[in-house]
Amino acid sequence: MDLRQLLFCLCLWVACTLSKPTEKKERVHHDPQLSEKMHDDAQNFDYDHDAFLGAEEAKTFDQLTPEESKERLGIIVSKIDLDKDGFVTEGELTAWIKKAQKKYIYDNVQRQWHEFDINQDGLISWDEYRNVTYGTYLDDPDPDNSFNYKQMMMRDERRFKMADQDGDLITTKEEFTAFLHPEEYDYMKDIVVLETMEDIDKNGDGVIDLDEYIGDMYNHDGDADEPEWVKTEREQFVEFRDKNRDGKMDKEETKDWILPSDYDHAEAEARHLVYESDQNKDGKLTREEIVDKYDLFVGSQATDFGEALVRHDEF
C-alpha cells in the first residue's frame, strides 16, 4: 500500500471512528454566497468587487491606482467577451462571476495536475489517473483488503467517463475539474445523485427509504432518545422529500434534495452590474462602459484615499 492509499484509508478510519453519532451528515450542495460582505451600493461596492473578482483577487485591486485598475479591468473584459464580438452580455458576465467564485477549486486541481499528468502533455488520461491512484492495488491485489479498491476504481472510471465529454478517455483541465468536483457542473449532476443514492441505499433496491435516509445521517449507537434534529429530519422526509408519498425517494426526489434549485446569486449580480453600467440601455456592455464604471467592478483604495498605493504586477 503506497502513501496515497495509506492516507486515504487513514482518513476513512478517522471519519468512522471520530464522528459523533449526534452530528448531522450534510448531503445537500448549496451554491455559496458571492461575498461575506453586505450588498449595499449606497455605502460601498465591496460586495460587487468580491463577486466580480473573487475575494482574494479583489484585495489586490484595493492597492492599485485608478489608472492601474482601469488597465487591468480592460484586460479582464477581453477574457469575459467569449465570442469576441466587442460586447459583454449578461450571460457572459454570469459565467465569469461563477468562474471567479470557483478559483479555489481550480487552484486545488492545479495542485494535483502534475501528479496525474505523467507524460506532461497537458492532458490526463484514464490510464494515467488509474495508475497513479490504484497502481499499487493493480500490481499486487490483496483479496483480504477491507477496502474494495476494485469497486472504488469502477466508480471512479464511471465518473471519469461522464466528465470526459468527447469520450476519448482523456480529460482537459476543465473536464478533470468536473471529475474531481462534479457538484459544480450541470452535466455532472446525474452522477452526483447516483453516487449519493448508492451510498445511502443499503438494500440495493434503487431507492432511499426512511430508515436509510436517517441511517445515513445518524447512528443510534445505543442511544435511547434521538436528538431533536433527527425527529425533524423524519418529518422532512415524510412531508417534503418523499413528494409522491410512496415511502421512499427515487432519483428525481433525491436530486431535488441534494441539488436544490437555489437562487442564482451570480445571475442576479450580473443583472445588477449590467443595469448599473449600461449607459445606452441596449442590454449589453462595451469595454468603455465597464471601464467607465471601474469603481463598481474592481475599485481602488486610491479613490478613497487620494493616493497611489503599492502596485502588484501578478495578474
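If you're wondering where the values come from, they're calculated on a predicted model, not measured in any experiment. Below, all heavy atoms of this structure are taken into account, side chains as well, without hydrogens, waters or symmetry copies.
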For residues 268-275, tabulate all N or O donor-acceptor pairs below 3.5 Å that involve a side-chain atom, not counting sequence neighbours.
from : atom 1 : to   : atom 2 : distance (Å)
R271 : NH2    : E267 : OE2    : 3.1
H272 : NE2    : D41  : OD2    : 2.7
H272 : NE2    : D48  : OD1    : 3.4

* Report the C-alpha separation of I76 and L53 in whole Å, then their side-chain angles, then the decisive distance to 0.1 Å, and conclude whether the side-chain contact (heavy atoms from CB on, under 4.5 Å) test is met. => CA-CA 10 Å; I76 291 176; L53 295 166; 3.7 Å; yes
* Test log, rule salt bridge (Lys or Arg N to Asp or Glu O under 4.0 Å), inputs D256 and R241 -> CA-CA 8 Å; D256 289 342; R241 310 277 187 250; over 6 Å; no
* side-chain contact (heavy atoms from CB on, under 4.5 Å) assessment of Y106 paired with V109 -> CA-CA 5 Å; Y106 292 113; V109 173; 5.6 Å; no
* To do: Go through N119 and D117 one step at a time and tell me if the side-chain contact (heavy atoms from CB on, under 4.5 Å) criterion holds.
  => CA-CA 6 Å; N119 62 7; D117 184 15; 3.1 Å; yes
* Between L93 and E90, does a side-chain contact (heavy atoms from CB on, under 4.5 Å) hold up when you go through it step by step? -> CA-CA 5 Å; L93 197 50; E90 187 178 301; 5.6 Å; no
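Annotation for W113 and G122: closest pair CZ2-O, 3.2 Å, computed over non-hydrogen atoms. Nearest heavy atom pair, residue E212 against residue K202, reads OE2-N, 3.1 Å. Shown here for S277 and L296, the closest heavy-atom pair between the two residues is OG-CD2, 3.7 Å. For I97 against A51, the heavy-atom pair with the smallest separation is CG2-O, 3.4 Å. Contact detail for S69 and V298: the closest heavy-atom pair is CB-CG2, 4.0 Å. I191 and P182 make their closest contact through CG2-CB, 4.0 Å (heavy atoms, listed as atom of the first residue, atom of the second, distance).
Applying the side chain to side chain donor-acceptor pair (under 3.5 Å) test to R287 and every residue at least two apart in sequence or in another chain returns nothing. In this view, K251 and D190, V193, M197 satisfy the side chain to side chain contact (heavy atoms under 4.5 Å, CB included) rule, not counting sequence neighbours. Annotation: salt bridge (Lys or Arg N to Asp or Glu O under 4.0 Å) contacts of D186 (sequence neighbours excluded): K189. Partners of Y104 by side chain to side chain donor-acceptor pair (under 3.5 Å), not counting sequence neighbours: none found. Judged as a salt bridge (Lys or Arg N to Asp or Glu O under 4.0 Å), and not counting sequence neighbours, the contacts of D127 are R130. Among residues two or more places apart in sequence or in another chain, the salt bridge (Lys or Arg N to Asp or Glu O under 4.0 Å) test is passed with E195 by R155, R159. Taking the salt bridge (Lys or Arg N to Asp or Glu O under 4.0 Å) definition, one finds that K98 meets it with D264, sequence neighbours left out. Among residues two or more places apart in sequence or in another chain, the side chain to side chain donor-acceptor pair (under 3.5 Å) test is passed with E198 by R158. Annotation: ring-ring contact (aromatic ring centres under 6.0 Å, His included) contacts of Y213 (sequence neighbours excluded): F237, W257. Partners of N108 by side chain to side chain donor-acceptor pair (under 3.5 Å), not counting sequence neighbours, listed by chain and number: Q112, H181.
A salt bridge does not link E67 with K70: none of the charged nitrogens is closer than 4.0 Å to a carboxylate oxygen. Here E252 does not pair with K243 in a salt bridge; the nearest charged N to carboxylate O distance is not below 4.0 Å. The pair D107-K103 meets the salt-bridge criterion, since a charged nitrogen lies less than 4.0 angstrom from a carboxylate oxygen.
Within the model, atoms CG of D46 and CG of D40 stand 10.5 Å from one another, a figure rounded to the nearest 0.5 Å. Taking CG from D211 and CG from D216, the interatomic distance works out to 12.5 Å, rounded to the nearest 0.5 Å. With rounding to the nearest 0.5 Å, the separation of CD1 in I75 from CD1 in I80 is 12.0 Å. One finds the OG atom of S125 at 6.0 Å from the CD1 atom of I170 (value rounded to the nearest 0.5 Å). Distance check, rounded to the nearest 0.5 Å: CD of Q120 to CD of E128 gives 10.0 Å. In this structure, K293 NZ and D278 CG are separated by 11.5 Å, a value rounded to the nearest 0.5 Å.
Residues Y134 and M152 form a side-chain contact, since some pair of their non-hydrogen atoms from C-beta on lies under 4.5 Å apart. The side-chain heavy atoms of V207 and M249, taken from C-beta on, include no pair separated by under 4.5 Å. The shortest distance between side-chain heavy atoms of M188 and M162 falls below 4.5 Å. The shortest side-chain heavy-atom distance between H49 and F61 does not fall under the 4.5 Å cut-off. Annotation: side chain of D83 is in contact with side chain of E92 (closest heavy-atom distance under 4.5 Å).
Of the possible polar contacts, one joining the D81 side chain to the G86 backbone as a donor-acceptor pair under 3.5 Å is found. Proximity of a side-chain donor or acceptor of K102 to a complementary backbone N or O of E184 within less than 3.5 Å is detected. Between the side chain of T171 and the backbone N or O of I124 there is at least one donor-acceptor pair closer than 3.5 Å. One N or O on the side chain of D242 and one on the backbone of G247 form a donor-acceptor pair closer than 3.5 Å. One N or O on the side chain of E289 and one on the backbone of Q279 form a donor-acceptor pair closer than 3.5 Å. The main-chain N or O of D50 is found under 3.5 Å from a side-chain atom of Q101 such that the two form a donor-acceptor pair. Between the side chain of K248 and the backbone N or O of R245 there is no donor-acceptor pair closer than 3.5 Å.
No more than 12 heavy atoms of other residues, nucleotides or ligands sit less than 6.0 Å from atom NZ of K99.
Residue pairs meeting the salt bridge (charged side-chain N to carboxylate O under 4.0 Å, His left out) criterion with at least one partner in residues 162-181, sequence neighbours excluded, are absent.
Clustering ILVMFWY residues whenever any of their side-chain heavy atoms sit less than 4.5 angstrom apart, transitively, puts F179 in a cluster other than the one holding I105. Note: the hydrophobic cluster containing M153 also contains L180 (ILVMFWY, side chain heavy atoms under 4.5 Å, direct or indirect links). Hydrophobic cluster membership is shared by L194 and Y187, with clusters built from Ile, Leu, Val, Met, Phe, Trp and Tyr side chains linked at under 4.5 angstrom. Transitive grouping of hydrophobic side chains (ILVMFWY, heavy atoms separated by less than 4.5 Å) brings I258 and W229 into a common cluster.
Geometrically, K284 engages F87 in a cation-pi contact, judged by NZ or CZ lying under 6.0 Å from the ring centre and within 45° of the ring axis.
For Y129 and D156, the side-chain atoms include at least one donor-acceptor pair closer than 3.5 Å. Under the 3.5 Å distance criterion, with hydrogens and angles disregarded, no donor-acceptor pair is assigned to the side chains of T232 and E235.
Between F45 and F297, the ring center distance fails the sub-6.0 Å criterion.
In this pair, W96 and F52 present their aromatic rings tilted. The plane angle is within the 30 to 60° band.
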